[in-house]
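What follows is a short report on a single structure.
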Amino acid sequence: MQKRETGSLKLDRYQQRMQTACSPVEMTKVRDDPYVHFGDIVQLLHVNTGCLLAVDVEDKEPVARNTFLITKFIPSKPTPLEQQWADDVLRYGQRIRLLANPMAQGEPLDAAGGEAPLALYSQPLSVSCAAKLSRQQLVGFTWKAAGFDSVWQVQPLSPADQLACEGVEVAAGAPLLLVHCATAKPLNLEEAAKRPTDFGVELEVSANAVTSSGKQLALEHAARGETTRMLPKPHLSSNHWAFVTGSTVGSLPAGSQQAAAGLLERLLQVVGQQLQEKPGARVALEQKLARLAGVSGCIRVPELLLALRQVNMWSFLSVLDKCAEAE
């Protein structure tokens, strides 16, 4: 009776889990156009089977619910060869992270994916790290979203169109490849790997390139007298996915990480005003920041705090420490 009153029975926990994971979500998008944007609530649809990618926050395997957020991947040390776009439209060749809807964890929906975002990730195939049923490269969701294991890239279906389509806007519903950047393996639906879960029988996903033999393409090039040794092979339908967006136009509230970034920016403005009163400290701080930024032009908050301490800028440090913890 005590467990029933406190809601700690297994049946109560199961019902609460199902209610949280299956709670309805309104699909919203940033603007009313046919493209996919950062800030849209999307679903990842498998083109051939009509299945939706889903996540279960209480299972180590990728099972449960099926709305996601797309965020940009901004490297700490960008190179001149890696192009960045300032707008919010998703483009082919752009590196992204796919975050689970925080409502699946019982958290309010925001643009940052909640307090502890769950990101789609994969790791290289090994004896101790593989998908449970298919034994292909493992794909799942992780709270360690800061690593490169959670970075993906949108590519067109045909390898021959990869260079031509780079930078082109991704249309909602268009078939595409979602390729893991660290291993160059596309997201794959294992149609033969069926697994019973609390939500029914679901299919396993992995990172695995499933390609055709390429004989038809080789014969076409051979007929034109072209070499076939280095021809890329097209991917089969198990690698084909599409982003599905809603029809309602709206914007998501800023997450706690974005709020911390805004607070840090305002505090730095105040610090800049204080530096104007200390010309000597300003020169020393400029030299330290230039050395820390290097080529990338990015400085982490702990490094900034250390530089401020070294030039005797003790004001606002307690508040900036909070920003460092939020980071």
Side-chain angles (χ1 to χ4, degrees), residues 36 42-55 61-63 66 68-73 82 90-100 118-126 129-142 145 147-195 202-214 216-217 230-244:
V36 183
V42 301
Q43 291 179 311
L44 190 59
L45 173 71
H46 188 257
V47 176
N48 189 43
T49 62
C51 297
L52 293 170
L53 182 69
V55 57
E61 300 294 329
V63 255
N66 54 22
F68 304 92
L69 305 172
I70 306 173
T71 60
K72 292 182 180 181
F73 168 70
E82 187 169 2
L90 178 63
R91 301 172 185 272
Y92 288 103
Q94 192 167 12
R95 295 183 177 183
I96 63 171
R97 285 192 173 100
L98 194 66
L99 305 181
L118 275 174
L120 183 70
Y121 85 105
S122 183
Q123 289 183 341
L125 181 64
S126 65
C129 182
K132 186 175 182 180
L133 300 180
S134 64
R135 305 307 298 174
Q136 297 294 340
Q137 184 171 310
L138 176 67
V139 171
F141 281 82
T142 178
F148 200 65
D149 288 340
S150 61
V151 181
W152 301 78
Q153 188 179 47
V154 179
Q155 294 183 4
L157 297 183
S158 175
D161 298 335
Q162 184 172 347
L163 292 178
C165 291
E166 186 172 356
V168 177
E169 297 88 347
V170 176
L176 50 83
L177 302 177
L178 192 61
V179 181
H180 188 236
C181 291
T183 60
K185 296 291 185 180
L187 187 67
N188 181 59
L189 180 67
E190 302 289 347
E191 299 183 32
K194 298 182 179 180
R195 180 169 179 261
E202 299 188 336
L203 304 179
E204 188 177 69
V205 292
S206 66
N208 180 31
V210 182
T211 59
S212 65
S213 60
Q216 180 180 356
L217 185 62
M230 300 301 294
L231 289 178
K233 297 180 180 180
H235 293 81
L236 297 183
S237 59
S238 62
N239 290 141
H240 298 178
W241 300 85
F243 285 112
V244 179

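This one's a predicted model, so the numbers in the text were calculated from it and none came from an experiment.
- The shortest non-hydrogen separation linking F68 to A100 is CD2-CA, 3.8 Å.
- The two residues P175 and L157 have their closest heavy-atom pair at CB-CD1, 3.6 Å.
- When the shell of 6.0 Å around NZ of K72 is examined, it contains more than 12 heavy atoms from other residues, nucleotides or ligands.
- Not one N or O on the side chain of W152 forms a donor-acceptor pair closer than 3.5 Å with the backbone of L187.
- In terms of the side-chain contact (heavy atoms from CB on, under 4.5 Å) criterion, residue partners of V210 (sequence neighbours excluded) are, by chain and number, N188, N208, L236, S238, N239.
- Of the inter-residue distances, the one linking L125 atom CG with R135 atom CZ reads 8.0 Å to the nearest 0.5 angstrom.
- Applying the salt bridge (charged side-chain N to carboxylate O under 4.0 Å, His left out) rule to E190 yields no partners; only residues at least two apart in sequence or on another chain are considered.
- Here L189 contributes atom CG and N48 contributes atom CG; the two are 8.5 Å apart, rounded to the nearest 0.5 Å.
- The distance from the CG atom of L99 to the OG1 atom of T71 is 4.0 Å, given to the nearest 0.5 Å.
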- prompt: Does the pair Q94 and V170 meet the rule for a side-chain contact (heavy atoms from CB on, under 4.5 Å), with working shown?
  reply: CA-CA 10 Å; Q94 192 167 12; V170 176; over 6 Å; no

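- Between V244 and V42, every side-chain heavy-atom pair lies at or beyond the 4.5 Å cut-off.
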Stepwise side-chain contact (heavy atoms from CB on, under 4.5 Å) check, E169 with L90: CA-CA 6 Å; E169 297 88 347; L90 178 63; over 6 Å; no

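- Minimum interatomic distance between P156 and L177 (heavy atoms only, all atoms of both residues): O-CD1, 3.5 Å.
- With sequence neighbours left out, S134 forms a side-chain hydrogen bond (donor to acceptor under 3.5 Å, both in side chains) with E204.
- Looking at residues two or more places apart in sequence or on another chain, you find a side-chain hydrogen bond (donor to acceptor under 3.5 Å, both in side chains) between Q155 and Q153.
- Listed here is the closest heavy atom pair of F243 and L176: CD1-CD2, 3.9 Å.
- Legend: residues meeting ring pair (Phe, Tyr, Trp, His ring centres under 6.0 Å) with H46, ordered by chain and number and at least two apart, are W241.
- S206 contributes no side-chain N or O that, together with a main-chain N or O of L138, makes up a donor-acceptor pair within less than 3.5 Å.
- Among residue pairs with one or both ends in residues 176-187, those qualifying as side chain to side chain donor-acceptor pair (under 3.5 Å) are Q137-T183, H180-T183; sequence neighbours excluded.
- The two residues A54 and F141 have their closest heavy-atom pair at O-CE1, 4.3 Å.
- Among residues two or more places apart in sequence or in another chain, the side-chain contact (heavy atoms from CB on, under 4.5 Å) test is passed with A172 by V36, T245.
- Note that CD1 of I96 and CZ of R91 are 14.0 Å apart. Values are rounded to the nearest 0.5 Å.
- Residue pairs meeting the salt bridge (charged side-chain N to carboxylate O under 4.0 Å, His left out) criterion with at least one partner in residues 151-168, sequence neighbours excluded, are absent.
- For the residue pair C165 and Y92, the shortest heavy atom distance occurs at O-CB, 3.2 Å.
- In this view, Q43 and N66 satisfy the side-chain hydrogen bond (donor to acceptor under 3.5 Å, both in side chains) rule, not counting sequence neighbours.
- Scanning for side-chain contact (heavy atoms from CB on, under 4.5 Å) contacts around P159 gives P232, with sequence neighbours left out.
- If you take SG on C51 and CG on L44, they are separated by 11.5 Å, rounding to the nearest 0.5 Å.
- Remark: R95 engages E82 in a salt bridge (charged side-chain N to carboxylate O under 4.0 Å, His left out) (not counting sequence neighbours).
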